[in-house]
2 protein chains.
Amino acid sequence: MAAWRRLVAVVELLPGVLDGQLRRDAQLTHFDYHVLAMLSEAPDRVLRMTDLAARTNATLPRLSHVVRRLEERGLVERAPCPSDGRATNARLTEAGWAKVRETAPGHVATVREHVVDALTPEQVTQLAGIADALLRRLDPDGRLTGALDRADRD
Amino acid sequence: MAAWRRLVAVVELLPGVLDGQLRRDAQLTHFDYHVLAMLSEAPDRVLRMTDLAARTNATLPRLSHVVRRLEERGLVERAPCPSDGRATNARLTEAGWAKVRETAPGHVATVREHVVDALTPEQVTQLAGIADALLRRLDPDGRLTGALDRADRD
DNA sequence: CCCAATCACTTGTACCTACAAGTGACGACC
DNA sequence: GGTCGTCACTTGTAGGTACAAGTGATTGGG
């Protein structure tokens with residue numbers, strides 16, 4: 001009965017914790033980090049703006065502003081797509097790649113501290129199943145988790 | 001291993017769903033709704049700004065702005081606290097109380113649709129335990145869940 | 001071909017949130 | 001009983017996000 005209220009409370013608090021850690025340690029929004037992380041995992045570390053927006057659950061205007069700021073900081077570069085003149089490719093620069101590599105450990109540690117370590121191994125397993133079930137409703141196409149891509153490759 | 005990534009995805013998506021539904025159906029931010037809901041559950045539907053800020057995980061400046069806007073809409077009233085000249089009491093007006101009563105069902109239905117119905121009864125039970133464990137890290141004083149108050153009363 | 005519709009993105013404006021500084025009230029100490 | 005420090009809030013300013021409009025590029029039909 002009160003399960004969903006607690007979930008809402010978690011959903012309210014957790015972003016603040018993650019965001020705060022990244023802002024302090026890397027001058028990065030959690031969303032910024034997510035953008036850089038998605039790029040870092042893409043082939044050649046390049047993604048079209050539209051793809052990137054889907055993977056980060058962002059609207060295109062929002063992504064455009066964020067990428068512009070990241071570009072001003074030298075972490076990302078934009079170039080017109082050769083195959084489609086309408087599209088823009090966002091590429092992670094060397095500095096951006098370095099930023100991800102130096103930021104990721106601290107971020108993962110924060111998640112571990114506030115989530116994984118708070119749960120028993122059994123609960124972690126349960127959580128995986130629960131989050132999976134929720135994502136099937138919240139994100140049917142698996143845009144955020146990249147399930148669509150993996151399905152394409154397999 | 002990928003459990004925390006899925007949790008992060010959920011934490012990223014769920015607020016948008018809840019916020020969107022409330023904005024459409026009630027012209028209310030999820031945070032606005034949370035403020036009204038906390039007031040509606042308080043004795044006499046009155047709470048000091050500081051208490052309200054703790055219960056909604058807000059900074060005092062943020063709450064001040066939000067309450068001012070809610071006051072302009074006639075949903076909340078502010079009055080100086082009789083017992084402490086520094087404090088301000090926020091009170092839910094009759095219109096605000098009506099707003100909560102007409103908004104709550106739709107909001108609960110949304111949560112039910114996107115969370116409860118997506119899970120098996122067993123998973124709901126597991127989720128309660130997991131969220132509880134997480135909140136002990138994220139919110140040790142139980143401000144959001146009101147555990148502190150209940151502990152005081154008991 | 002050429003024109004309309006669409007697409008991919010950018011820019012501009014308004015709202016919301018975070019941080020910093022300011023105001024008035026209370027408490028404690030001398 | 002005056003003064004210093006703290007408390008509870010409010011206000012102002014900067015930064016980020018959402019929605020709406022605009023710019024080129026591409027596709028499809030006549």
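Residue numbers start from 1 in every chain, and the chains themselves are labelled A, B, ... in the order their sequence lines are given, proteins ahead of strands.
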Under 4.0 Å between a side-chain N/O of A:Arg68 and OP1 or OP2 of C:dT10, yes or no? no

Are A:Arg62 and D:dT17 close enough that a side-chain N or O sits under 4.0 Å from OP1 or OP2? yes

Is any side-chain heavy atom of A:Leu7 closer than 4.5 Å to one of B:Leu127? yes

B:Arg78 vs B:Arg91 side-chain heavy atoms within contact, under 4.5 Å: no

Could you give the [atom1]-to-[atom2] distance, from [X] to [N], as a whole number of Å?
X	N	atom1	atom2	result
A:Arg86	D:dG28	CZ	C1'	12 Å
B:Asp19	D:dA18	CG	P	9 Å
A:Arg48	C:dC7	CZ	C1'	10 Å
A:His30	D:dT17	NE2	C1'	16 Å
A:Arg73	D:dG16	CZ	C1'	13 Å
B:Phe31	C:dC16	CZ	P	12 Å
B:Glu72	C:dC16	CD	P	10 Å
A:Gln27	C:dC19	CD	P	14 Å

Between B:Glu41 and A:Arg5, is there a side-chain N and carboxylate O pair less than 4.0 Å apart? yes

Taking the side chain of [X] as heavy atoms from C-beta outward, which of [options] is closest to it?
X	options	value
A:Thr59	D:dT17, C:dA8, D:dA18	D:dA18
A:Ser64	C:dT17, D:dT17, C:dT10	C:dT10
A:Val66	D:dT17, C:dA8, C:dT17	D:dT17
A:Pro61	D:dC19, D:dT17, D:dT10	D:dC19

Assuming nearest nucleotide by heavy-atom distance, tell me which of B:Arg78 and A:Asp32 is located more 5' along DNA chain D. B:Arg78

Tell me which of B:Arg23 and A:Arg23 sits closer to the 5' end of DNA chain D, going by the nucleotide each one is nearest to. A:Arg23

Would you classify B:Thr88 as touching base, sugar-phosphate or nothing, given that sugar-phosphate means primed atoms plus P, OP1 and OP2, and contacts are heavy atoms under 4.0 Å? sugar-phosphate

Check this for me: does the side-chain of A:His65 come within 3.5 Å of the base of C:dG12 through a donor and an acceptor? yes

Across all chains, not counting sequence neighbours, the side chain to side chain contact (heavy atoms under 4.5 Å, CB included) partners of B:Glu122 are B:Thr120, B:Gln126

Under the 3.5 angstrom rule, does the side chain of B:Ser40 hit a backbone N or O of B:Ala37 as a donor-acceptor pair? yes

